[in-house]
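Note sheet for the following structure.
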Amino acid sequence: IFWPEKIEQTVAFKDIDDQVKLVGISGTAEDNNPTLVVRTSFAYVLTVENHGNQHHRLYIEGFNVQTDLLEPGQADTITIYPDKEGIFNYYDKRERLLLLGQLKSVEVVPSDGFTGFLKDMI
C-alpha cells in the first residue's frame, strides 16, 4: 500500500443562525465542525476559506498555528508537521477563542513494524 506523504483538506467558516461553524469541503467529513484527522510524521496541509459574513481566524492549539485573519471571501493555507499523538482543540480566534471542534493526530505503524498475531496476517 502506498501512503501519501501529505494529507490535504479544505474547510470553510460559515455563519449559520448567528453561530460560527467550520464546515468540511474537501478531504474531510462535510459536517459542521468535523473532527480533523492527521497522521504523525506526515505534512498536513489545511486550506481554510471564509464563506461567512464576518472576519474569522482558525487557531489550532497544541501546534500553535493559525491562519491570517480572513475577511469574507478570503482563504489561507497552513501546513503542520505533527510530531505527537493527541487530540487538540481548534477555535475561531478573534476577540476571544470560540471552541469549534477537534483535530486528532494519530501515529500509523508501517506493516513491517507489526508484531504478534498482526504480523501473521500480512
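None of the values given here were measured: they were computed from a predicted structure.
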Honestly curious: do Val38 and Val65 fall in one hydrophobic cluster under the side-chain, below-4.5 Å linking rule?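 Linked within one cluster.
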Would you say Ile78 ends up clustered with Ile7 if hydrophobic residues are merged whenever their side chains have heavy atoms under 4.5 Å apart, either directly or through other cluster members?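 Linked within one cluster.
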Can you name the residues that form a side-chain hydrogen bond (donor to acceptor under 3.5 Å, both in side chains) with [X], not counting sequence neighbours?
X     : answer
Tyr90 : none
Gln19 : Lys21
Lys93 : Gln66
Thr67 : none

What distance separates [X] [atom1] from [Y] [atom2], expressed to the nearest 0.5 Å?
X     : Y      : atom1 : atom2 : value
Leu22 : Leu58  : CG    : CG    : 6.0 Å
Asp18 : Gln54  : CG    : CD    : 9.0 Å
Leu46 : Leu103 : CG    : CG    : 8.0 Å
Leu97 : Asn89  : CG    : CG    : 10.0 Å

Determine, step by step, whether Leu70 and Val48 satisfy the side-chain contact (heavy atoms from CB on, under 4.5 Å) criterion, reporting the C-alpha distance in whole Å, the side-chain angles of both residues, the deciding distance to 0.1 Å, and the verdict. CA-CA 9 Å; Leu70 303 174; Val48 181; 4.0 Å; yes
Got a sec, which pairs hit ring pair (Phe, Tyr, Trp, His ring centres under 6.0 Å) with one end in residues 7-39, sequence neighbours left out?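 Of all non-adjacent pairs touching residues 7-39, those that pass ring pair (Phe, Tyr, Trp, His ring centres under 6.0 Å) are Phe13-His56.
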Got a sec, which pairs hit ring pair (Phe, Tyr, Trp, His ring centres under 6.0 Å) with one end in residues 64-88, sequence neighbours left out?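 Listed once each, the pairs are Phe63-Phe88.
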Can you list every salt bridge (Lys or Arg N to Asp or Glu O under 4.0 Å) pair that touches residues 57-77, not counting sequence neighbours?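 Sorted result for residues 57-77: empty, none.
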Does [X] have any side-chain contact (heavy atoms from CB on, under 4.5 Å) partners at least two apart in sequence or in another chain, and if so, which?
X     : result
Leu98 : Val20, Asp92, Arg96, Leu100
Thr40 : Glu85, Ser105, Glu107
Ala75 : Glu49

Just by distance, do the side chain of Gln102 and the backbone of Thr35 share a donor-acceptor pair under 3.5 Å?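 Between the backbone of Thr35 and the side chain of Gln102 there is no qualifying donor-acceptor contact (under 3.5 Å).
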For the pair Lys84 (side chain) and Gly62 (backbone), establish whether a donor and an acceptor sit closer than 3.5 Å, ignoring hydrogens and angles.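 Indeed, once roles are kept as given, a pair shorter than 3.5 Å links the two residues.
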Closest heavy-atom contact between [X] and [Y]?
X     : Y     : value
Thr79 : Ala43 : CG2-CB, 4.4 Å
Tyr44 : Val37 : CE1-O, 4.4 Å
Asp15 : Gly52 : OD2-CA, 3.2 Å

Ile87: hydrophobic cluster co-members (side-chain, 4.5 Å):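 Cluster partners of Ile87: none, it stands alone.
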Would you mind reporting whether Val11 and Leu36 have side-chain heavy atoms less than 4.5 Å apart?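 Heavy-atom side-chain distance check passes, below 4.5 Å.
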